[in-house]
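The structure under discussion appears below in the form of structure tokens.
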Amino acid sequence: MAIEVFNRVEKKYMISMETYEQIQSDLKEYMDLDAFNQQSYYTIANIYYDTKEQELIRKSIESPVYKEKLRLRGYGVPGQNDKVYLEIKKKFDGIVNKRRCALKLTEAYQFLETGRKPTLQPYMNEQVLNEIDRFLAQYPLQANTYLAYERKALFGKNNRALRISFDTNIRTRNEVLQLEAGDFGRPLIAGDKVLMEIKTSSNLPMWLVKLLTTHKIYPSKFSKYGTAFVQQMTNRMLMPATGNQPLIHNSQPA
């Protein structure tokens, strides 16, 4: 069974594609590829849910001590009967807690739209399902933002809790908010940029500290959902003078 509860510290770094390519050989010595990455990058697609006033993301970008969000995550473009994950992600004093429950896409939609829990199935996590139920009772949520990207993920050979991921071709849209509708959106960051994330439940190993120092890789505050929200607000203020950015479709990195 996939891990469904995570507690860890997450650090983000915005790096160039050149830096990304430079550090790959060093990482191979200490880390293994995620099972999904044996052939290439894999695509993650998310629908973020928020109140009509976008209360959750407005609070989040103010950098409070505690913040929370709910999203529906799929891999690639799921069909109605494919497994997806409903996830609650909370952050308190720098520690990230992520809890998720597997459901079929149709079950997830019905739960989100009606607030009624689906009939418990073996692939569901009952405890997380109950937590999501309470979350939905607390906030009147609706589909707000689509976010997708290609990911390469690695795990430490001697420390499986150490995870490093690289996200490219990050794209977003605020219309057609269904995962099964297809993989397309407007670019969120420049095409030559890569979002690197280090996730761990302990201190960084010395080899990784040296790697970051050698390549002058420094932490960067970046939230995909937060950036998408700011971009959305900016586009609203600029329209109709400049119009909106054209939609792009999934393009796998080389």
Subject >> Selection residues 124-165 - residue pairs positive for ring pair (Phe, Tyr, Trp, His ring centres under 6.0 Å), sequence neighbours left out >> reply: F135-Y139
Subject >> Residues that D26 engages under side-chain contact (heavy atoms from CB on, under 4.5 Å), provided they are two or more places apart >> reply: L211, H215
Original post:
With sequence neighbours excluded, what pairs up with S60 under the side-chain contact (heavy atoms from CB on, under 4.5 Å) test?
Top reply: I57, K67
Original post:
Would you say the side chains of Y75 and D82 form a donor-acceptor pair under 3.5 Å?
Top reply: no
Subject >> Non-neighbouring partners of F92 that pass side-chain contact (heavy atoms from CB on, under 4.5 Å), sequence neighbours left out >> reply: V65, Y66
Original post:
Got a sec, which residues hit side chain to side chain donor-acceptor pair (under 3.5 Å) with R71, two or more places apart in sequence or on another chain?
Top reply: Y48, E87
Report, one line per pair, each donor and acceptor closer than 3.5 Å where one atom sits in a side chain of residues 158-165; sequence neighbours left out.
from: N159; atom 1: OD1; to: A161; atom 2: N; distance (Å): 3.1
from: R160; atom 1: NH1; to: G156; atom 2: O; distance (Å): 3.3
from: R163; atom 1: NH2; to: Y42; atom 2: OH; distance (Å): 3.4

Subject >> For Y109, all residues meeting side chain to side chain donor-acceptor pair (under 3.5 Å), sequence neighbours excluded >> reply: E180
Subject >> Partner set under side chain to side chain donor-acceptor pair (under 3.5 Å) for E10, not counting sequence neighbours >> reply: R8, K89
Original post:
With sequence neighbours left out, what residues match D50 under salt bridge (Lys or Arg N to Asp or Glu O under 4.0 Å)?
Top reply: none
**OP:** Salt-bridge test for E175 and R186: reply yes if a basic N is under 4.0 Å from a carboxylate O, no otherwise.
**Re:** yes
Original post:
With V77, which residues qualify under side-chain contact (heavy atoms from CB on, under 4.5 Å), at least two apart?
Top reply: D183
Original post:
Residues in side chain to side chain donor-acceptor pair (under 3.5 Å) with Y49, at least two apart?
Top reply: none
Using atom types as modelled, flag every donor-acceptor pair under 3.5 Å from a side chain in residues 12-22 to any protein atom, sequence neighbours excluded.
from: K12; atom 1: NZ; to: F222; atom 2: O; distance (Å): 2.8
from: S16; atom 1: OG; to: T19; atom 2: N; distance (Å): 3.1
from: S16; atom 1: OG; to: T19; atom 2: OG1; distance (Å): 3.1
from: Y20; atom 1: OH; to: Y41; atom 2: OH; distance (Å): 2.6

